Protein chains: 2
Amino acid sequence: MADRIALPPQLSQIPLFQGLPEPALTDILQHSQARRVEKDSFLFMQGDPADHLYVLMEGRAKLCQVTSEGQQVILKFAAPWEMIGGLAIVGGGIYPVCCMVAEDSRVMSWSTTVLEGLLQRYPLIAINATRWMSNHVKETQQLFTQLATERVEQRLAHTLLRLISQMGQEQAEGMALDITLTRQDLAEMSGTTLFTVSRILNQWEKQGLVEAGRERVRVKSPHGLVVIARDLKL
Amino acid sequence: MADRIALPPQLSQIPLFQGLPEPALTDILQHSQARRVEKDSFLFMQGDPADHLYVLMEGRAKLCQVTSEGQQVILKFAAPWEMIGGLAIVGGGIYPVCCMVAEDSRVMSWSTTVLEGLLQRYPLIAINATRWMSNHVKETQQLFTQLATERVEQRLAHTLLRLISQMGQEQAEGMALDITLTRQDLAEMSGTTLFTVSRILNQWEKQGLVEAGRERVRVKSPHGLVVIARDLKL
DNA sequence: TTTGTTCTTTGCGCTAGAGCAAATAGCGGT
DNA sequence: ACCGCTATTTGCTCTAGCGCAAAGAACAAA
């Protein structure tokens with residue numbers, strides 16, 4: 001257990017713990033575990049019993065789902081202070097996704113057992129959990145609808161817009177993404193192939209919308225991508 | 001408010017109210033409203049403030065999302081005793097979908113205000129809500145992954161399998177669906193067009209897997225569809 | 001610097017499935 | 001029985017985007 005550690009201010013910003021008084025946060029912190037995890041390791045695999053809730057303190061992680069035929073889909077990237085594995089809040093489940101650490105990171109975690117106690121002591125957590133989950137449902141439904149109705153180009157634009165609004169870094173010209181992001185990753189987020197991603201990115205680069213390097217993408221004109229994503233002009 | 005109405009046994013089976021003692025259920029029932037709704041009316045529209053939780057007592061409803069370009073996607077059909085609009089449990093949201101009544105139905109509902117009180121009195125409800133939501137996330141993620149990785153034929157098979165396991169009626173030969181279900185509906189559930197659905201259904205009919213009529217589908221061989229859905233043979 | 005590995009680009013062929021239009025069929029009302 | 005409406009079928013065309021293969025580029029390690 002973490003002990004005599006200063007209360008990190010972000011703890012109160014975690015969706016699950018919002019609105020809790022400071023003593024509760026201290027209690028929560030003391031029941032957490034913290035550890036480093038290195039790039040390319042897994043916090044959990046698809047099918048594992050969902051027994052831990054994680055919060056990323058530093059680094060990046062990606063949530064993937066693999067089909068029985070071995071095709072992989074990336075459901076989302078997680079940035080610091082996002083929750084991962086919220087399913088563990090209610091015991092007895094099985095992770096439907098796996099979580100791969102995308103760069104050297106630090107996470108804190110709570111076991112289902114500990115969470116049960118916390119839920120008992122601070123009922124607000126259950127409300128927060130419901131709110132977080134419902135938000136999650138909403139996002140996933142939106143992804144589904146986009147995948148069902150939009151062309152690849154629009155979906156890729158949406159994917160990049162989502163990424164920069166989530167963890168883009170403001171720059172002189174546009175926004176940069178500091179994650180290692182292969183064409184394959186973008187394809188798995190957008191429901192397409194790395195070839196198509198490569199072609200579209202090159203085309204956009206010629207139009208001055210983005211700057212694409214090896215495992216790196218900078219969005220020079222977010223507005224231009226919005227135009228494409230919404231299909232405002234052809 | 002419903003008053004002096006016998007406690008319907010299904011009430012305790014609603015995910016949100018599972019595990020509650022009988023007095024609580026009575027309390028919940030007395031705070032519910034019940035009404036009839038007719039085919040083709042809407043319980044709520046996409047964008048409306050999420051202020052009511054519904055449970056279908058009789059009939060069918062479908063949850064749709066419409067894109068800015070006017071394309072429609074059906075996220076799911078609801079059968080009796082399923083919850084609709086769970087987002088209303090946490091106040092302040094906006095329905096991300098609309099709910100269309102697919103045939104003359106009866107619903108019971110609770111306003112967000114009433115739910116707040118119930119949550120206060122019976123904290124178990126919040127836990128149940130979280131569990132229900134997390135299940136919802138899981139299902140939606142699975143839909144997303146299928147849409148991203150499978151061919152239309154597989155997705156349509158999955159759609160039909162989902163429908164019959166949810167509300168199919170056992171018959172001498174296979175399972176029947178008693179809902180009015182157009183090719184367009186199936187297309188909007190599977191991320192394709194009514195033309196492609198029509199073609200595939202005809203092909204399956206020739207193979208003796210299904211029987212398709214106007215706004216009607218019977219699955220004669222669920223197992224055959226599983227083979228197609230999982231792409232076990234070509 | 002060299003070598004190996006991994007990621008990316010690009011050309012080419014191909015096909016699943018979209019989209020349109022016209023014909024047909026089923027059903028409900030009169 | 002007839003009419004009108006809506007759902008469905010089916011032929012045809014066409015294209016977005018997949019998939020392969022081969023070449024090229026970026027990086028890391030030795």
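In what follows, every chain begins at residue 1, and chains take the letters A, B, ... in the order their sequences are listed. Not measured: the values here are computed from a predicted model.
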Check the phosphate of [N] against [X], side-chain N and O only, distance under 4.0 Å to OP1 or OP2. Yes or no?
X      : N      : answer
B:T192 : C:dA18 : yes
A:R183 : C:dT8  : yes
B:S198 : D:dT8  : no
A:N202 : C:dT10 : yes

(request) Mind listing the residues from residues 64-73 of chain B sitting with a heavy atom below 4.0 Å of DNA chain D? Number order is fine. (result) none
Short heteroatom pairs, N/O only, protein and nucleotides 13-15 of chain C, under 3.5 Å:
none

(message) Using the ring centroid of each side chain, check whether B:F144 and A:F144 are separated by less than 6.0 Å.
(response) no
Interface polar pairs with nucleotides 20-30 of chain C, N/O, under 3.5 angstrom:
unit_1: C:dG26; atom_1: N3; unit_2: B:R214; atom_2: NH1; d: 3.3

(request) Between D:dC18, C:dT10, C:dT8, spot the one nearest the side chain of A:V152, thanks. (result) D:dC18
(request) Tell me which nucleotide among C:dC7, C:dG17, D:dC18 gets nearest to the side chain of B:T196. (result) C:dG17
Treating [X] as the side-chain partner and [Y] as the backbone partner, does any N or O pair qualify as donor plus acceptor under 3.5 Å?
X      : Y      : answer
B:T182 : B:E215 : no
A:D48  : A:M45  : yes
A:E170 : A:A176 : no

(request) List the steps and the verdict of side chain to side chain contact (heavy atoms under 4.5 Å, CB included) for A:E153 and A:Q203. (result) CA-CA 11 Å; A:E153 206 187 16; A:Q203 178 193 328; 3.6 Å; yes
(request) Check whether the side chains of A:T130 and B:T130 place a donor and an acceptor atom closer than 3.5 Å, and report yes or no. (result) yes
(message) Checking side-chain polar atoms at under 3.5 Å, does A:Q184 have a donor or acceptor matched by the opposite partner on A:Q72?
(response) no
(request) Quickly work out the B:D40 CG to D:dT6 P distance and round it to whole Å. (result) 12 Å
